[in-house]
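Nothing here was measured: the structure is a model prediction, and the numbers come from that model.
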Amino acid sequence: MTVTPPVEIELKLALPQHQAAAFLKRMARRRSEPVRQNLVTRYFDTPDFALSAQGVALRVRRVGRRWLQTLKTEGERQGGLSRRAEYEMPVSRRAPDWSRFPVEALALVPESLRAQLLPVFETRFHRTTWLIRGTAGAQIEVSVDVGEVRAGERTQPIHEIELELKAGQPDALYALALEWAGQFDFLPFDVSKAERGVRLAHGEDTAPVKSVSLVLDRFMSVEEGFATICQACLAQFQANLPGVLASDDIEYVHQARVALRRLRAALRLNRKACALPDELMDGLRALAAALGPARDWDVLCVETLPAIAPHHPDSDAWQRGLVALESHRAEVRAAMQAALVQAHPGAWLLALQRWLQQHGWRAVPEAQRFVQLSPLDKWARRALQKGHRPIVRGARDFAQLQPLQRHALRIAIKRQRYAAEFFQTLFSGPRQLRYLTVLRDAQDSLGRANDAHVAWGLLTAERVDAGPIGQFVLGWLAAKLAAAANGESAVIVKAFSKSKPYW
């Protein structure tokens, strides 16, 4: 007989440290008395972290005078919402007692690994919990956790809210989070305490997150494929957002911007069948607009100028000009971070995730019929063919294109590349790889020319006194733009006109 494991459904939110007291004060107005606990949790794994590699977390937690052991699987995670199998029961000691776990839980950890288990890290935090009523009669356990993860001498703070569904539908979790989102700067958070502990034990710092390859099935419906693509784009943006708001690493801004561009490309592919509501589209535009100037100045100061610097005859003058430009870049970054906070990205992420979970496009009858009747592979072929035609025309006429037309061609190539990457697992063969390679080369080449064009605009439009290096840089950029128009880009883009569709 197969036993269905208990499933934990929760929505995790990162809570800014400076807002923790205000959130607790708001919750204190509720009639129900909260439960307050100081929790100490020890996580067990093998020396080479074999359990975490399999997506399994094993812990023993002290709750007052009691000990509880818990075994969790990785499960599904999207936009802070997770669904995981969870086995939990009391034990009489601070180490796992395998005799207490059911058979299906034991199957997750082979006996050969159990003998190797040892404590690898722990969490210590204060938890304040309320059981409240949500929409449609849902019961939700709201927990505020404040403390730290500790692995040896390394620590990481914990400031988060967990909304665990005790009864009702998962949508109630989103409804409650969005009720608070106008006052608090929540960010959906997919990384569990166990995962943070493993990274801490390995000495791994957080890093910018690039897009990952999608696995789509040709038998999916259009709406299933659309939701999967959007979820991947949102996951990349969500993962990079904390770094954008708090780190000076320019790659966070770059990858967050890539995620939003990929999302816009996905929405464009589906604009007739799965149109995004106006308020969500407005939020997307606001976030993209906030990131754009900061990325442009990062490229100018970190990529474009260092390539020019060795050719300037006066290193002291160059350094003085660079200081002025870097100072302005810092102002632009601070303005970007302030604009992002004003745009409430956490609330936007929650609302968009809720729309995806609810299949919000089904509210439009025409879209509902389209997504139900169209298999994903047939729709992907049509979408790729539609994106291919204008690029071929532009590639053949590249030498005659004006700057604005070349800019439009670059955008078309970028969108086609994203589409080809979205649908990559639906097709196979060397022709697909060649096509993708030509697309990427063309986008990169035209992108370098566009970087020079943007840099020119920044140096001529912004009121920044770069001294004598300004004119030197402008001359260099003018020469690069002239060379790009008739050199590398022309050759690479021309090669695309010979590319044959693989779909």
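- With salt bridges taken as basic N to acidic carboxylate O contacts below 4.0 Å, none links Asp444 and Arg440.
- Nearest heavy atoms, Leu241 versus Pro345: CD2-CB, 3.6 Å.
- In this pair, Trp361 and His359 present their aromatic rings perpendicular. The plane angle is above 60°, beyond the 30 to 60° band.
- For the pair Asn240 (side chain) and Val209 (backbone), a donor-acceptor distance under 3.5 Å is present.
- Taking both residues in full, the closest heavy atoms of Leu376 and Asp217 are given as CD2-O, 3.7 Å, listed atom of the first, atom of the second, then distance.
- Although no hydrogens or angles enter the test, the distance criterion places no donor-acceptor pair under 3.5 Å between the side chain of Gln236 and the main chain of Val212.
- Checking side-chain atoms of Arg218 against main-chain N and O of Asp377 turns up no donor-acceptor pair under 3.5 Å.
- Applying the side chain to side chain donor-acceptor pair (under 3.5 Å) test to pairs two or more places apart or on separate chains, none has a residue in residues 337-352.
- Under the ring pair (Phe, Tyr, Trp, His ring centres under 6.0 Å) criterion, His254 pairs with no residue, sequence neighbours left out.
- Every residue meeting the ring pair (Phe, Tyr, Trp, His ring centres under 6.0 Å) condition with His388, not counting sequence neighbours, appears here in chain and number order: Tyr435, Phe496, Trp503.
- Judged purely by distance below 3.5 Å, without hydrogens or angles, the side chains of Gln443 and Arg417 pair a donor atom with an acceptor atom.
- The backbone N or O of Glu224 lies less than 3.5 Å from a partner atom in the side chain of Thr228, making a donor-acceptor pair.
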